[in-house]
Each structure stands twice: as C-alpha cells, then as structure tokens.
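Read through the structure below, which is laid out as structure tokens, and then see the notes.
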Amino acid sequence: MKLKIKETFTSENPADSILKNTRRQVTEAAYSFTIPKKTKDPKVIHVSQEMASELGISEKETTSDFFKNIFTGNKIYPNTRPYAMCYGGHQFGHWAGQLGDGRAINLFEVAHQNKNWKVQLKGAGETPYSRTADGLAVLRSSVREYLCSEAMFHLGVPTTRALSLSLSGDPVLRDILYNGNPAYEKGAIVSRVAPSFLRFGNYEIFAARKDIKNLKTLVNYTIKHHFPHVGNPSKKSYVSFFKEVSERTLELIIHWQRVGFVHGVMNTDNMSILGLTIDFGPYGWLEGFDHGWTPNTTDNQHKRYRYGNQPSIGLWNLYQLANALYPIIEDVAPLENILNQYKIDFEKQWLAMMQSKLGLFMSDDQDIELIQNLEDNLHLVETDMTIFFRKLSDFTNEKQGLQLIEKAFYTPSKISSEVKNQWILWFEKYSLRLHKERISSKDRKAKMDAKNPKYILRNYMSQMAIEEAEKGDYSLIEELYQLIKKPYDEQIDQEKWFVKRPEWARNKVGCSMLSCSS
Ligand code: AMP
Ligand code: MG
C-alpha cells in the first residue's frame with residue numbers, strides 16, 4: 001500500500017510545542033502531535049471500497065495486515081506524524097471553551113487524482129483534548145457513523161466519508177443513558193476521510209483567546225487550500241470566504257431538510273467549514289413528519305436541535321463564526337449583509353427544494369400556501385415522511401390520493417373522517433396545480449424520485465445491524481451498506497426496507513432515543 005502523502009495542515013499551521021500526551025489547554029497552536037493508542041486485538045470488519053479507491057488503495061490492499069494496523073492506529077505510516085486539532089465551540093448555545101479532537105487523531109493527508117484528503121481515526125485513544133473522557137468509541141456509535149456517512153454521500157448530501165470500521169479488541173465503559181448504569185461495550189475505530197475536518201470552532205478558539213495572528217494564519221491556510229477562488233489574503237477575500245461558508249452551510253441544511261435528516265448536535269464544533277455533514281452522533285431520520293422532533297435525548301428539554309429548527313441554528317452558528325472572523329475583517333456591515341442574505345436565500349431555496357419534492361417546476365405564487373397546507377396535514381396524524389414523498393410520485397389524479405399514501409400512515413385504521421377530508425382537499429389542490437405543469441406524469445415521477453429517496457438509514461435498521469455486530473455477525477452491515485449506495489433506485493428485492501419504523505423500535509434505546517454517549 002503506497003500512498004502519496006502530503007503535509008499541508010501541519011506544515012502551514014502552528015504546532016503545540018509540548019509533545020507529552022496530557023490533557024491541557026493548548027494555546028497559540030492549531031494542533032498537537034499525538035500518537036494513537038495500540039489496541040489489543042484489532043479487526044477490520046468493513047471497508048468502503050469506493051473510498052479506498054479514492055485514496056489509491058486497491059481492494060486487495062484493504063485485506064492486508066498493514067492496512068489493518070494503519071487504520072486502527074497500531075502502526076504509523078512511514079514518514080507521517082499524527083496530530084489532534086485544537087478547536088473550541090458553542091455547545092447548546094453557550095461558549096464551552098477549548099474542546100478539540102478528544103478522540104479523533106489525524107493520520108496523514110493523501111493526494112490522489114487531483115484531490116487532497118485528510119484521513120483520521122475516531123476512537124483511537126486520548127489526546128491533549130480528551131478532557132475528562134477516554135478518547136475511545138464503542139461499536140454501536142461507530143457502526144452508525146460508518147454507515148451514515150456513506151449513506152449521506154450516496155444521497156448527494158455533502159459529508160465527511162468513512163473508509164473503514166474496525167474493532168479495537170478493547171472493552172470500553174459507557175453509561176448509554178447517563179442514568180448511572182455503566183457497562184462494558186466493544187471498542188471500535190472508524191477511519192474517516194474528508195478534504196478538511198476544520199470546524200467553525202477551530203476559528204472561534206483563536207478569536208476567543210484574542211490570538212489574531214494565528215487566526216489569520218488558519219484563515220489564510222483555509223483559503224489557500226479550500227477557497228483559492230476568493231483571492232489572496234485580504235479583508236475583501238475574508239468577507240468572500242465567509243460568504244461562501246454561509247452559502248455552503250445553507251445548502252447543506254436544505255439537503256438535510258429534503259431527506260429528513262436531523263443532526264442532533266449542531267454545536268459550532270460540529271459545523272464543518274466546508275459545509276459537510278460532520279460528527280455523526282445522536283442523529284436520526286424523520287419517520288413521522290414532525291418539525292419538533294429530535295433524536296437526541298440529551299436535548300429533550302429544549303429540543304434546540306429539532307428538525308424544524310436546523311435552518312435557524314445554521315444561521316445562529318454562522319453568527320458565531322462571523323464574530324470569530326470580525327477581528328481580521330473589522331467591518332460589521334458586510335458580515336451582516338451575508339447573514340441577512342442567508343434568511344432571504346433560505347426562503348427561496350427551501351421553496352425550490354419543496355417544489356422539487358412535489359414535482360412542481362413552473363413558477364406559481366400559490367405554491368407556498370400549498371406546501372404549508374401539506375406540512376400542516378403531515379402533522380395531523382403520524383405520517384412517514386420518506387414513504388409519503390416517495391409514494392406521491394405515483395399520483396395521477398385526486399381520486400387515488402388517499403389510497404396512495406395510506407402506507408405512510410402509522411395507524412391507517414384510525415384516520416378520522418376529518419383528517420381524511422383535509423387530505424382530500426389537499427389532493428384536489430395538488431391535482432389542479434399539476435395541470436399547470438408541462439411534463440408527463442412519467443417524467444415528473446422520474447424527477448421526483450431523484451429528490452425523494454426510497455431508502456434511508458432509519459435508526460432501527462442501524463440498531464439491527466449493531467445488535468448482530470455485537471454478536472459477531474457483520475452481514476447486516478454489508479447488506480445495509482449495499483442498500484444505501486442506491487437510495488433513489490427502486491431496488492425491488494430490497495422492498496423490506498421500504499417500510500415504516502416497526503412498533504418495537506418506537507421507544508427503544510438506539511432507535512428513537514439516543515444520547516451523546518458514544
Ligand atoms: P461531540 O458532541 O461528540 O461532537 O463531542 C464534543 C467534544 O467532546 C469534542 O471535543 C470531542 O472530541 C469530545 N469527546 C466526545 N467523546 C469523547 C471521548 N470518548 N473521549 C474524549 N473526547 C471526547
Ligand atoms: Mg464533535
């Protein structure tokens with residue numbers, strides 16, 4: 001396995017001068033050199049061959065001991081120096097100070113086919129940023145991160161990727177529900193990959209410490225490698241950089257809303273500067289369409305990171321980034337303009353996204369009302385978002401409307417006549433609206449099906465794969481991995497996954513109740 005190693009981040013940003021792996025405040029540095037922990041009995045249980053080939057690794061090479069040892073942290077790739085990054089963040093609305101890569105260790109950068117990838121391990125042991133925790137990860141959260149990052153990629157949602165999922169062979173102690181019942185679980189390591197793992201929090205920490213010199217160094221690095229088109233470092237290019245981060249963040253969140261993904265922990269340390277989905281913790285997918293839903297039980301009280309709140313949280317987080325960049329821009333007006341534009345763009349892009357889900361391509365002022373009525377209806381009784389939109393593409397006339405979406409109702413036999421009437425009314429309006437379109441039903445269906453996935457990675461599906469994996473059977477991980485590669489395709493032989501969440505999963509830990517414990 002011969003990789004084309006590059007070194008841009010560590011060579012162009014300030015390093016922590018202390019080499020000891022002790023938990024501490026790390027100042028005037030963007031990262032600390034850190035060696036992954038050796039594990040007892042590493043075992044690779046799945047590899048994303050698509051991602052491997054992006055890095056220039058062949059399928060045969062992924063089966064080697066060398067691959068296993070590198071991607072579980074048991075061996076350091078020649079001439080590389082692993083490191084953990086320093087960042088801070090606003091968690092649940094409050095400044096939390098230094099956080100950093102507490103259980104992520106960056107191995108190296110790989111250049112392949114004109115792309116530059118950063119490769120990191122999640123769960124490979126403590127770093128100076130581990131605070132009170134152990135730097136490790138358990139199998140359940142690692143399966144979820146591994147599968148979901150690949151699922152997002154194939155859904156066309158910007159995301160960090162995953163290369164491999166491995167067992168460490170070491171037990172890890174966790175209290176899943178934070179209720180005083182800790183238990184040992186299998187330790188695991190995910191190797192994940194992205195053009196950059198920089199987060200809003202990497203910039204915030206320098207600004208909070210008034211370390212403007214290093215803030216500038218990091219912004220200049222980011223522009224040079226990831227936003228070169230905004231121009232050479234200057235106040236003007238810093239503003240353009242922020243504008244593009246704002247646009248990418250919005251684009252990302254519009255995608256999340258489209259597929260019904262709820263991140264669950266949109267703290268600024270989990271916001272990628274490239275607008276990627278990053279850090280898959282207590283995330284989830286809407287089953288019943290519900291603006292108020294969050295999968296994260298840690299956030300149960302205020303539901304800050306609920307589905308319907310994600311767009312405004314994106315904006316709130318951008319305000320924090322704007323504050324962090326202010327010292328190198330020193331002008332409020334252009335930052336405010338960009339933040340105001342986010343709201344205007346959100347309205348436009350949300351409408352266009354919803355229209356595309358409904359197969360509406362001609363412009364019509366009434367569409368906002370039609371969509372709002374639809375969302376109201378979706379809240380009347382528990383209605384599965386994915387099944388609803390997927391079924392809708394078969395709509396041809398208002399007479400079949402209700403029958404068409406019956407499969408999306410969680411309790412179809414209990415639908416009152418009042419609810420039925422609301423739906424009949426809506427389908428009448430939708431039918432009338434479709435008359436304005438100029439494309440055939442067949443073409444409309446094809447376009448809608450390309451926006452409304454048939455297969456999403458529902459929490460109960462991951463949970464089933466996790467329970468099997470805990471017993472040493474990884475076949476369901478492979479089955480789901482194959483399924484999520486074509487989320488918009490019919491995949492007739494996989495219809496068993498085109499179903500509502502089963503009742504057993506309604507209140508089960510890992511399915512509808514997730515915490516940050518991972
Ligand atoms: P999260 O909310 O999962 O994104 O994590 C917030 C912060 O806690 C980040 O700085 C993580 O690196 C850190 N963290 C989470 N879990 C662990 C762990 N098991 N060991 C060390 N640090 C952790
Ligand atoms: Mg995080």
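The figures that follow rest on heavy atoms only: side chains count, while hydrogens, waters and symmetry mates do not. Read the numbers this way: they start at 1 and go in the same order the structure lists the ligands and their atoms.
Annotation for ligand 1: atoms under 4.0 Å from non-hydrogen atoms of Gln91 are 6 (C). Using a 4.0 Å cut-off to heavy atoms of Asn270, the atoms of ligand 1 that qualify are 2 (O), 4 (O). Atoms of ligand 1 lying under 4.0 Å from any heavy atom of Leu136, numbered from 1 in the order shown and given with element: 19 (N).
Other residues, nucleotides and ligands place no more than 12 heavy atoms under 6.0 Å from the NZ atom of Lys6. Within a 6.0 Å radius of NE2 in His302, other residues, nucleotides and ligands contribute 12 heavy atoms or fewer.
Ligand 1 has Arg174 within reach: a non-hydrogen atom of the residue lies less than 4.0 Å from it. In this structure, Glu126 does not count as a contact residue of ligand 1, since none of its heavy atoms falls inside 4.0 Å of the ligand. Taking 4.0 Å as the cut-off, Gly135 counts as a neighbour of ligand 1 on heavy-atom distance. Using a 4.0 Å cutoff on heavy atoms, Gly100 counts as a contact of ligand 1.
The pair Asp170-Lys38 does not meet the salt-bridge criterion, since no charged nitrogen lies less than 4.0 angstrom from a carboxylate oxygen. The pair Asp384-Arg458 meets the salt-bridge criterion, with a side-chain N (NZ, NE, NH1 or NH2) lying under 4.0 Å from an Asp/Glu carboxylate O. Look at Lys343 and Glu347 and you find no salt bridge, because none of the NZ, NE, NH1 or NH2 atoms lies under 4.0 Å from a carboxylate O. With respect to the salt-bridge test (charged N to carboxylate O, under 4.0 angstrom), the residues Glu50 and Lys485 qualify. Salt-bridge formation is detected for the pair Lys243/Glu247: a Lys NZ or Arg NE/NH1/NH2 atom is positioned less than 4.0 Å from an Asp or Glu carboxylate oxygen. Note on Glu12 versus Lys224: salt bridge recorded, some NZ/NE/NH1/NH2 to OD/OE distance being below 4.0 Å.
Neither the backbone nor the side chain of Tyr129 has any atom closer than 4.0 Å to an atom of ligand 1 (non-hydrogen atoms only). At a heavy-atom cutoff of 4.0 Å, ligand 1 is contacted by the side chain of Asp279 but not by its backbone. Only the side chain of Asp269 comes within 4.0 Å of ligand 1, judged by heavy-atom distances.
Among protein heavy atoms, the minimum distance from atom 7 (C) of ligand 1 is reached at Arg131 NH2, 3.1 Å. Taking atom 18 (C) of ligand 1 as the reference point, the nearest protein heavy-atom neighbour is Ala133 CB, 3.4 Å. The protein heavy atom nearest to atom 15 (C) of ligand 1 is Arg103 NE, 3.8 Å.
For Gly102, a nitrogen or oxygen atom sits less than 3.5 Å from a nitrogen or oxygen atom of ligand 1, counting backbone and side chain alike. Ligand 1 has no nitrogen or oxygen under 3.5 angstrom from a nitrogen or oxygen of Asp101. Looking at ligand 1, you'll find an N or O of Asp134 within less than 3.5 Å of one of its N or O atoms.
Closer than 2.8 Å to the Mg ion (ligand 2) sit the protein N, O or S atoms Asn270 OD1, Asp279 OD2.
A centroid separation of less than 6.0 Å is found between the aromatic rings of Tyr305 and Phe92. No close placement of the Phe227 and His225 rings is indicated, their centers lying 6.0 Å or farther apart.
A donor-acceptor pair under 3.5 Å is absent between the side-chain atoms of Asn106 and the main chain of Ala84, judged by distance alone. The backbone N or O of His263 lies less than 3.5 Å from a partner atom in the side chain of Gln310, making a donor-acceptor pair.
Cation-pi contact between Arg304 and Trp316: present, with separation from the ring centre below 6.0 Å and deviation from the ring axis of at most 45°.
When the options Asp65, Asn69, Thr39 are evaluated for a side-chain hydrogen bond (donor to acceptor under 3.5 Å, both in side chains) with Asn74, the one that passes is Thr39.
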